[in-house]
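Before any comments, here is the structure.
No experiment lies behind these values; they were computed from the predicted model shown. First the proteins, then the strands, lettered A, B, ... as listed; each starts at 1.
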Protein chains: 2
Amino acid sequence: MPMKERPAMAPKVPETLERILEEAQQLAQERGFNGFSYADIAATLKITKASLHYHFATKAELGRALVARYTARFQAALEALDGTPANILRRYVKLYEDVLVRDRMCLCGMFAAEYSTLPAPMRNELRRFFDKNEAWLVRHLEEGRAAGALQYEGSSLEMARMLTAGLEGAMLLARSFEEPERFTATAERLLADLGVPRPRKRSIGSG
Amino acid sequence: MPMKERPAMAPKVPETLERILEEAQQLAQERGFNGFSYADIAATLKITKASLHYHFATKAELGRALVARYTARFQAALEALDGTPANILRRYVKLYEDVLVRDRMCLCGMFAAEYSTLPAPMRNELRRFFDKNEAWLVRHLEEGRAAGALQYEGSSLEMARMLTAGLEGAMLLARSFEEPERFTATAERLLADLGVPRPRKRSIGSG
DNA sequence: GTCTATAACGAGATAGAC
DNA sequence: GTCTATCTCGTTATAGAC
């Protein structure tokens, strides 16, 4: 079927669709699902609201797509993490930190707060995100403990959930005080409880 | 000034004002500040939106009053907690749990998620809540550690912030899965890290 | 795939009678 | 202190031309 073929290097995803999702995600992470509108996206992208509805008929549909995309990307980022168990966890925390320093919340932490107002398809997609996150964490916690690189007692599932709760909560609070360092401090505490040593204090200008 | 006196037992706060705040708080804890409207409150209380505006000219003003009231009540509840250091912390956690089992978020945890969309007076009031909460926690953590009833290393301030982050985050996640037990499990982990022993497993019907 | 135009509704808020 | 009536604006969504 040669009629449908494109040059091998061409982007697969329609450009507009991608830009919509990108902008919508930023708005959602900054202001929440109920805190932005089609008009906001349209203004930034300089297209009309009607065009947006062509790509995503309803806002619920857009929201579901946002969570699905976020989950896929996050999952890919997780699978790309490597190093010692301690370093993997450090890099895991860094993923959250990178979001926070751009003045954003974790998309799914934000949506979790709005849970009771979300359409059902978004709720389901949201739980999938946390389930996958949790599964990845449990796996690496257990491997780390088995290897003697991590120290903690009891259920790895509970530990994974405490980590997620602690990190999402710390993001929430750091944002309310506009002090990203609050997140870092709490994250270090959580890691320390797993036996991941704190980094040596960074001396000024030593990069 | 006898003209202004009322019978000693009469309620001080106008009844309607109180009912508005009560209903608004419930709505805010369930759906967030951006998730309810004057129309919602009016419908439940069977008064008109115009009447609501008489008591709270703007929604921002209502929101600020909600946080101030919540802070005062929470503070009073904290000061009323007593017992051993371990039991005080257990009862502290129970305060959160009591909110969650009524399908609500902590009002201020909810507002923290919406922080970037909140009017400035609400933001300030919100930080006051967390500051007071933190001060109370630090005080009791330090007393407990000094008395040998709690065990943890390092900064009490950091520990207080980790506790708050963990509890708020755990509420968020428990709500998204509609499984309050998730909150309890994470809370127990956090307490265990402080040296507060887990309760013996409750046997069925021995309540 | 993007547009203009508009529908249909709900939001926060105000004026002024009672 | 509560009401009716109304205003203005923003929201999601649709119809139909290009």
(request) Give a yes or no on this: more than 12 heavy atoms of other residues, nucleotides or ligands lie within 6.0 Å of atom CD of A:Glu153. (result)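 Incorrect, the count does not exceed 12.
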Rounded to whole angstroms, how far apart are [atom1] on [X] and [atom2] on [N]?
X       : N      : atom1 : atom2 : value
B:Asp40 : C:dG10 : CG    : P     : 11 Å
B:Ile41 : C:dG12 : CD1   : C1'   : 12 Å
A:Phe33 : D:dT12 : CZ    : C1'   : 11 Å
A:Leu52 : D:dT14 : CG    : P     : 14 Å
B:Lys59 : D:dG10 : NZ    : C1'   : 14 Å
A:Asn34 : D:dT11 : CG    : P     : 12 Å
A:Tyr38 : D:dT12 : OH    : P     : 8 Å
B:Leu27 : C:dA11 : CG    : P     : 11 Å

(request) Answer with base, sugar-phosphate or nothing: what part of the nucleic acid does A:Phe36 contact at a heavy-atom distance below 4.0 Å? (result) sugar-phosphate
(request) I would like to know whether B:Leu137 and B:Leu78 meet side-chain contact (heavy atoms from CB on, under 4.5 Å); could you show each step before the answer? (result) CA-CA 9 Å; B:Leu137 267 175; B:Leu78 292 185; over 6 Å; no
A side-chain contact here means heavy atoms from C-beta on lying under 4.5 Å apart; do [X] and [Y] qualify?
X        : Y        : result
A:Gln25  : A:Gln29  : yes
A:Leu194 : A:Leu190 : no
B:Thr44  : B:Leu27  : no

For nucleotides 1-5 of chain D, print each protein N/O atom paired with a nucleotide N/O atom at under 3.5 Å, atom names and distance only.
unit_1: D:dG1; atom_1: OP2; unit_2: B:Tyr54; atom_2: OH; d: 2.7
unit_1: D:dT2; atom_1: OP1; unit_2: B:Thr16; atom_2: OG1; d: 3.0
unit_1: D:dT2; atom_1: OP2; unit_2: B:His55; atom_2: NE2; d: 2.7
unit_1: D:dC3; atom_1: OP2; unit_2: B:Thr48; atom_2: N; d: 2.7
unit_1: D:dC3; atom_1: OP2; unit_2: B:Thr48; atom_2: OG1; d: 3.0
unit_1: D:dC3; atom_1: OP2; unit_2: B:Ser51; atom_2: OG; d: 2.8

(request) Examine A:Arg182 relative to A:Phe177 and say whether NZ or CZ is less than 6.0 Å from the centre of the six-membered ring and inside a 45° cone about the ring axis. (result) yes
